[in-house]
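Data block below; observations after.
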Amino acid sequence: MRIHILKNYEELSKKAAEIIKSQIVLKDDSVIGFATGSTPLGTYKELINMHKEGLDFSNITTFNLDEYYGLPASDVNSYHYFMYSNLFDHINVSKKKVHIPDGEVKDVDKFCKDYEGNIAKAGGIDLQILGIGKNGHIGFNEPDDNMDVPTHLTDLTEGTINANSRFFDSIDQVPKQAITMGLGTIMKSKRILLLASGEDKAEIIEKMLKAQVVTTNIPASFLFLHNNVDILVDEKAASLMER
Ligand code: GLP
């Protein structure tokens, strides 16, 4: 696990975008796993600028980590809407190669199996981008006694519903469930890039890195078992870390 401490959010976003760019330059048909949340927004802005300067996304395939269950893709709070408005509508990605879990699907089990199958058919994820929840969740893999391995439907914790209510008009509108890649799906990625920014993330980053244990209480701690992980933190998120 490589930990990089960047001066601020802008530097973190630039570094993350550089890593994604190198991946695409090395392999133009890379399979990229995208994440939502406020953290990667700066990275996506950088990628849009890189596209304006010529970076070609036309051959990549994308798989998103998660989607709220019960929200149509057209809802402004859906992760579909987030990805198109913040990235995909501004780069030349082929819409046919974009995959985001379907928040309205009826046969969830079949959908999740197919999602896994489609990732495998694409050759696996070359680079997975992750944010981290304040409780250590990655995607929507919430702390629990057991962790689901493949893509699955999950209940959101109260803490996550509260944290994400800032995007909704009221907390009652926040979906209670989501479809998310499982920890196994994430761990199969060839390379992982986790981004953490701001004081809000300082506690969980310190807790996870100090403990050096793998625990389902901190789903992100499973990344200790992966051999190709970069963690990018800005100075605020690193403020409680021992240097
Ligand atoms: C959400 C997403 C995660 C994201 C996390 C942190 O619940 N499902 O993929 O990493 O919250 O979000 P933020 O970057 O806004 O802090």
Side-chain angles (χ1 to χ4, degrees), residues 6 8-10 12-13 15-17 20 32-46 62-71 75-83 85-87 99-103 115 125 127-144 147-148 151-168 171 173-183 185-187 189 192-205 207-208 218-223 229-234 236-239:
L6 286 309
N8 51 37
Y9 179 66
E10 203 189 343
L12 175 142
S13 301
K15 173 97 179 165
I20 299 165
I32 311 282
F34 281 106
T36 54
S38 2
T39 312
L41 278 174
T43 306
Y44 296 164
K45 284 206 179 96
E46 291 292 332
T62 76
F63 286 92
N64 258 79
L65 270 175
D66 48 14
E67 176 60 286
Y68 288 117
Y69 190 59
L71 285 192
D75 191 292
V76 290
N77 280 308
S78 75
Y79 286 168
H80 274 78
Y81 194 93
F82 176 102
M83 285 312 300
S85 55
N86 292 305
L87 183 64
H99 305 82
I100 305 174
D102 180 348
Y115 204 70
I125 294 171
L127 176 63
Q128 176 65 55
I129 299 144
L130 297 176
I132 183 168
K134 279 201 274 185
N135 62 2
H137 75 213
I138 46 177
F140 270 129
N141 293 279
E142 299 277 34
D144 206 343
M147 296 274 101
D148 282 85
T151 300
H152 60 284
L153 180 68
T154 187
D155 293 332
L156 304 184
T157 61
E158 233 182 280
T160 296
I161 293 172
N162 273 324
N164 291 5
S165 66
R166 67 188 194 276
F167 300 110
F168 292 78
I171 195 161
Q173 289 176 9
V174 187
K176 309 282 179 289
Q177 290 184 303
I179 293 179
T180 180
M181 285 185 193
L183 279 184
T185 326
I186 294 169
M187 291 292 283
S189 309
I192 295 174
L193 178 59
L194 183 140
L195 313 177
S197 163
E199 278 141 15
D200 264 13
K201 302 292 166 66
E203 205 173 307
I204 189 66
I205 289 292
K207 194 168 157 194
M208 170 177 133
I218 306 178
S221 67
F222 278 79
L223 300 180
V229 177
D230 290 275
I231 299 196
L232 269 52
V233 284
D234 62 13
K236 286 185 177 158
S239 56

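Because the structure is predicted, anything quoted here is derived from the model rather than measured. For ligands, and for the atoms within them, numbers begin at 1 and follow the listed sequence.
Protein heavy atom at the shortest distance from atom 12 (O) of ligand 1 is Gly37 CA, 3.9 Å. When only non-hydrogen protein atoms are considered, atom 6 (C) of ligand 1 lies nearest to Ile132 O, 3.5 Å. Protein heavy atom at the shortest distance from atom 8 (N) of ligand 1 is Asp66 OD2, 2.8 Å.
Each of the following atoms of ligand 1 lies closer than 4.0 Å to a heavy atom of Thr39: 13 (P), 14 (O), 16 (O). Close approach to Asn164 involves these atoms of ligand 1, each under 4.0 Å from a residue heavy atom: 1 (C), 7 (O). Here is the list of ligand 1 atoms found below 4.0 Å of a heavy atom in Gly131: 10 (O). Residue Phe140 has at least one heavy-atom neighbour below 4.0 Å for each of these atoms of ligand 1: 7 (O), 8 (N).
Contact between Met181 and ligand 1 is absent, with no heavy atom of the residue lying under 4.0 Å from the ligand. For the pair His137 and ligand 1, a heavy-atom separation below 4.0 Å is found.
Taking only nitrogen or oxygen atoms, main chain and side chain alike, Lys201 reaches within less than 3.5 Å of ligand 1. Residue contacts with ligand 1: Thr36 is placed with no nitrogen or oxygen under 3.5 Å of a nitrogen or oxygen of the ligand (distance criterion only). The shortest N/O to N/O separation between Gly139 and ligand 1 falls below 3.5 Å.
Between Thr36 and Leu65, every side-chain heavy-atom pair lies at or beyond the 4.5 Å cut-off. Looking at Phe82 and Ile100, their side chains never come closer than 4.5 Å, going by heavy atoms from C-beta outward. Thr154 has its side chain out of reach of Asn141: every pair of non-hydrogen atoms, C-beta onward, lies at least 4.5 Å apart. Taking the side chain as every heavy atom from C-beta outward, Thr43 and Ile129 never approach each other to under 4.5 Å. Counting heavy atoms from C-beta outward, Asn64 and Pro101 have side chains that approach closer than 4.5 Å.
Looking at Glu67 against ligand 1, nothing comes within 4.0 Å, counting heavy atoms. Counting heavy atoms under 4.0 Å from ligand 1, residue Leu130 does not touch it at all. When non-hydrogen atoms are compared, ligand 1 lies under 4.0 Å from the side chain of Tyr79 (C-beta onward) but not from its backbone. Contacts between Ser38 and ligand 1 below 4.0 angstrom, taking non-hydrogen atoms only, involve backbone and side chain alike.
Evaluation of the ring pair (Phe, Tyr, Trp, His ring centres under 6.0 Å) rule for Phe167 yields no partner, not counting sequence neighbours.
Inspection of the Asp75 and Tyr68 side chains reveals no N or O donor paired with an N or O acceptor under 3.5 Å.
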Using distance only, find each side-chain donor-acceptor pair of residues 130-140 under 3.5 Å and give its atom names and separation, not counting sequence neighbours.
{"unit_1": "Asn135", "atom_1": "OD1", "unit_2": "His137", "atom_2": "N", "d": "3.0"}
{"unit_1": "Asn135", "atom_1": "OD1", "unit_2": "His137", "atom_2": "ND1", "d": "3.3"}
{"unit_1": "Asn135", "atom_1": "ND2", "unit_2": "Glu142", "atom_2": "OE1", "d": "3.0"}
{"unit_1": "His137", "atom_1": "ND1", "unit_2": "Glu142", "atom_2": "OE1", "d": "2.9"}
{"unit_1": "His137", "atom_1": "ND1", "unit_2": "Thr160", "atom_2": "OG1", "d": "3.3"}

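A donor-acceptor pair under 3.5 Å is absent between the side-chain atoms of Tyr115 and the main chain of Thr151, judged by distance alone. The main-chain N or O of Tyr79 is found under 3.5 Å from a side-chain atom of Glu67 such that the two form a donor-acceptor pair.
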